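Because the structure is a prediction, the values reported are computed rather than measured.
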Amino acid sequence: MQNNIAKYRKEAGVSQQELADAISVSRKTISTVETARFTPSVIIALKIAKHFNTSVESLFVLDEND
Amino acid sequence: MKQQDIKTEEQFMRHNIRFCISAGVVCLLLSVYSLTNHNIEEMIIVGMSVLFYMVVTAIFMIKAGFPLKMYFKYAYKDEFLNTIDINAYKHTTCAFGVCLLGVLYNNDSIPSEVSHANMAIFYLGIMILVYGVSLLWQSRD
């Protein structure tokens, strides 16, 4: 599963730590989600989407293998 | 969940990684060293080294200032930290299993004078080291 979190974050001018602080997770969570090494729960996905005022579908994109 | 709790958990995880890797290396060195021939003076040096390590670790743990309950908790509040902690336990279990199989397979080549204490320290060292390395590897950026 790919995601556009890094793109949204950079567009908003927010650092990983600031995003982590905003949704109450660790910075490592954001870092590993962005690099697609960790798949977050629905709760975290919804929190990130809410933070960027967008939908979960626009943040996360399914691969052909998923 | 307070952000301060998450930051404390992150610090605790870093502290845990450093402690596990160093303790694992010390246990392995101790177990391997005890298998070789040595005299009483060398044993004193090893004993003093381990004692020094334990004192440094105790000071480090006290100065870290984490709440006492964190040392007895089995789950992290942060989702990612909890996941890598569970994965590290799985890796540790696998490593222990491989170690047991290795010892079972090479049973004849292990000298009979190797004590149970030596083997216990060896197993402990492997498990702690794998736990620490697994956490370190999984939490890389």
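- Of all heavy-atom pairs between A:T29 and B:D78, the closest is OG1-OD2, 3.2 Å.
- If you chain together hydrophobic residues whose side chains sit under 4.5 Å apart, B:L100 and B:F122 fall into the same group.
- By the criterion of side-chain heavy atoms lying less than 4.5 angstrom apart, applied directly or through intervening Ile, Leu, Val, Met, Phe, Trp or Tyr residues, B:L135 is grouped together with B:V133 in one hydrophobic cluster.
- Put simply, the side chain of A:Q17 reaches to within 4.5 Å of the side chain of B:K7, judged on heavy atoms.
- Cluster annotation: A:V56 is connected to A:L19 through the hydrophobic network of ILVMFWY side chains, with a link wherever side-chain heavy atoms come within less than 4.5 Å.
- Taking every heavy atom of both residues into account, B:Q138 and A:R37 meet most closely at O-NH1, 3.5 Å.
- Judged by distance alone, with hydrogens and angles left aside, the side-chain atoms of B:E79 form a donor-acceptor pair with the main-chain N or O of A:S41 at under 3.5 Å.
- With respect to chain B, the highest number of heavy-atom pairs below 4.5 Å among A:D21, A:T32, A:I23 belongs to A:D21.
- The part of A:I44 that comes within reach of chain B is its side chain, from C-beta onward, which places non-hydrogen atoms under 4.5 angstrom from that chain.
- The hydrophobic clustering, which links ILVMFWY residues whose side-chain heavy atoms are closer than 4.5 Å, places A:L46 and B:F80 together.
- Note that CG of B:L81 and OG of A:S26 are 4.5 Å apart. Values are rounded to the nearest 0.5 Å.
- Atom CG of A:D63 is surrounded by more than 12 heavy atoms from other residues, nucleotides or ligands within 6.0 Å.
- Hydrophobic clustering places B:L136 together with B:I84 (ILVMFWY residues linked when any side-chain heavy atoms are closer than 4.5 Å, directly or through intermediates).
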